[in-house]
Colleague: 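Can you read through this structure? Questions will come right after.
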Amino acid sequence: LLSSNQLQRDLEEIKELLTKATRKRVRDVLMTEKQKVELEIKNQPPPKPKDVAEEEKSSLGGYTVKINNYGWDQSDKFIKIYISLNGVQKLPAENVQVNFTERSFHLLVKNLNGKNYTMTFNNLLKPISVEGSSRKIKTDVVLVMCKKKREEKWDCLTQVEKESKEKEKAAYDTSDPSEGLMNILKKMYAEGDDEMKRTINKAWVESREKQSKGDLPMDI
């Protein structure tokens, strides 16, 4: 298939030849060809719209910041996520967009002090009602309101959080109390700063010394 530009160039050339042609037969052939090319140009499909994501990207300008900090709360009917953004109330309402699905939402704040802000929550703990969910703009805060499909308490926001909590609980829930204590110490050591590590090491050495003297029957 020829592009519109190529067809246009063909048409120009046919028109030019027509001005020079003197023989009826040649003119007839050129006229037929001219009509054919004009029809092809007319039937050319319109240019494809840009991919929505690309369009969004180009219309955004500036650079995009992912939001990681938020607070959340819940009522019987709603999960409420509070996102602090200085000056967000000064933006036109259409610059603050939230797209909901049954188990996720995506927030996009366009052109706030020259930057764009996004936040995506996937795998929400329980289904939400897309129609009943909304967002509110307050002073320096965007409030995302996720309407619960069922009026029940959520222990956390996402499925991932729930699984992580369950793993942690399983590590501490053990019939052997010394093993539970060991797990807690290991976690504190892994997550602690240098001071915490030194303290745990010191306690560990002292407990070993006591145990070797027979003061401690239990191995901690």
Side-chain angles (χ1 to χ4, degrees), residues 3-5 43-172 187-188 190-193 196:
S3 71
S4 261
N5 284 343
N43 292 334
Q44 277 273 307
K48 283 184 183 175
K50 276 186 188 175
D51 180 75
V52 177
E54 279 300 311
E55 208 167 76
E56 189 180 80
K57 208 173 174 183
S58 61
S59 70
L60 287 177
Y63 63 96
T64 300
V65 180
K66 280 191 178 177
I67 304 166
N68 294 315
N69 296 328
Y70 63 91
W72 75 285
D73 190 10
Q74 63 182 310
S75 64
D76 289 343
K77 294 182 179 177
F78 287 94
I79 291 288
K80 305 168 193 176
I81 294 104
Y82 298 86
I83 298 123
S84 297
L85 288 168
N86 285 340
V88 71
Q89 71 280 6
K90 295 172 190 167
L91 288 177
E94 64 269 17
N95 280 32
V96 182
Q97 302 167 358
V98 185
N99 292 320
F100 296 95
T101 75
E102 196 177 64
R103 292 293 286 271
S104 75
F105 72 82
H106 172 70
L107 165 72
L108 170 64
V109 178
K110 291 196 221 173
N111 198 18
L112 176 59
N113 304 321
K115 295 177 194 167
N116 311 299
Y117 294 84
T118 65
M119 171 182 258
T120 301
F121 264 92
N122 291 317
N123 296 318
L124 287 170
L125 187 66
K126 296 173 192 290
I128 60 171
S129 158
V130 174
E131 303 76 32
S133 298
S134 61
R135 59 105 180 98
K136 291 180 181 175
I137 301 166
K138 298 175 176 288
T139 306
D140 299 333
V141 169
V142 176
L143 170 57
V144 179
M145 306 276 289
C146 298
K147 174 84 186 291
K148 295 175 178 178
K149 274 214 166 170
R150 289 177 60 189
E151 292 185 20
E152 56 187 324
K153 186 175 180 291
W154 289 24
D155 295 326
C156 48
L157 272 182
T158 64
Q159 193 63 36
V160 175
E161 250 181 284
K162 184 189 176 195
E163 285 163 13
S164 162
K165 277 185 178 178
E166 282 171 355
K167 274 183 195 166
E168 213 167 275
K169 190 166 179 267
Y172 300 154
K187 186 174 189 296
M188 284 169 68
E191 294 174 2
D193 55 15
M196 176 66 79

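Please read all numbers here as calculations on a predicted model, not as lab measurements. This chain uses plain numbering: 1 for the first residue, then up along the sequence.
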Colleague: May I ask you to check whether over 12 heavy atoms, not counting those of K80, lie within 6.0 Å of atom NZ?
Modeller: yes
Colleague: If I compare all heavy atoms of S104 with all of N122, which pair ends up nearest, and what's the gap?
Modeller: CB-OD1, 3.6 Å
Colleague: Could you walk me through whether K126 and R150 satisfy the side-chain contact (heavy atoms from CB on, under 4.5 Å) test, starting with their C-alpha distance in whole Å, then the side-chain angles of each, then the deciding distance to 0.1 Å, before giving a yes or no?
Modeller: CA-CA 9 Å; K126 296 173 192 290; R150 289 177 60 189; over 6 Å; no
Colleague: What are the two closest heavy atoms between I83 and N69, and how far apart are they?
Modeller: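 What the structure gives for the nearest pair is CG2-O, 4.4 Å.
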Colleague: Tell me, please, which residues at least two apart from S84 pass side chain to side chain donor-acceptor pair (under 3.5 Å).
Modeller: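 Expected list: none.
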Colleague: Roughly how far, to the nearest 0.5 Å, is the CG atom of D155 from the CD atom of Q74?
Modeller: 8.0 Å
Colleague: Mind checking the CG-CG spacing from L85 to D140? Nearest 0.5 Å is all I need.
Modeller: 8.5 Å
Colleague: Contact between L107 and Y70 at the side-chain level, heavy atoms closer than 4.5 Å - yes or no?
Modeller: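 Not in contact.
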Colleague: Could you tell me whether the side chain of E151 and the main chain of K77 form a donor-acceptor pair under 3.5 Å?
Modeller: no
Colleague: If you measure from CD1 on I79 to CZ on F121, what distance do you get to the nearest 0.5 Å?
Modeller: 10.5 Å
Colleague: Decide yes or no on side-chain contact (heavy atoms from CB on, under 4.5 Å) for N116 and K110, but give the supporting numbers first.
Modeller: CA-CA 5 Å; N116 311 299; K110 291 196 221 173; 4.2 Å; yes
Colleague: Can you name the nearest heavy-atom pair linking C146 to F105, along with the distance?
Modeller: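 Minimum heavy-atom separation between C146 and F105: SG-CD2, 3.8 Å.
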Colleague: Any chance you could measure R135, atom CZ, to F100, atom CZ, to the nearest 0.5 Å?
Modeller: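 Reported value, rounded in 0.5 Å steps: 9.0 Å.
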Colleague: Between V142, N95, V141, which is the residue that forms a side-chain contact (heavy atoms from CB on, under 4.5 Å) with V88?
Modeller: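 In the set V142, N95, V141, the residue that makes a side-chain contact (heavy atoms from CB on, under 4.5 Å) with V88 is V142.
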Colleague: What residue pairs, at least two apart or across chains, pass salt bridge (Lys or Arg N to Asp or Glu O under 4.0 Å) with a residue in residues 81-104?
Modeller: E102-K149
Colleague: Looking at S133 and S129, would you say the former's side chain and the latter's main chain have a donor-acceptor pair under 3.5 Å?
Modeller: yes
Colleague: Are the side chain of K148 and the backbone N or O of S75 linked by a donor-acceptor pair below 3.5 Å?
Modeller: yes
Colleague: Atom OG1 of T101 and atom CG of L124: how far apart are they, to the nearest 0.5 Å?
Modeller: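 Atom-to-atom, T101:OG1 and L124:CG are 7.5 Å apart.
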Colleague: Tell me the closest heavy-atom pair linking L125 and C156, and the distance in Å.
Modeller: CD2-O, 3.4 Å
Colleague: To the closest 0.5 Å, what do you measure between CD1 (I81) and CG (L143)?
Modeller: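 Here the rounded value is 8.5 Å.
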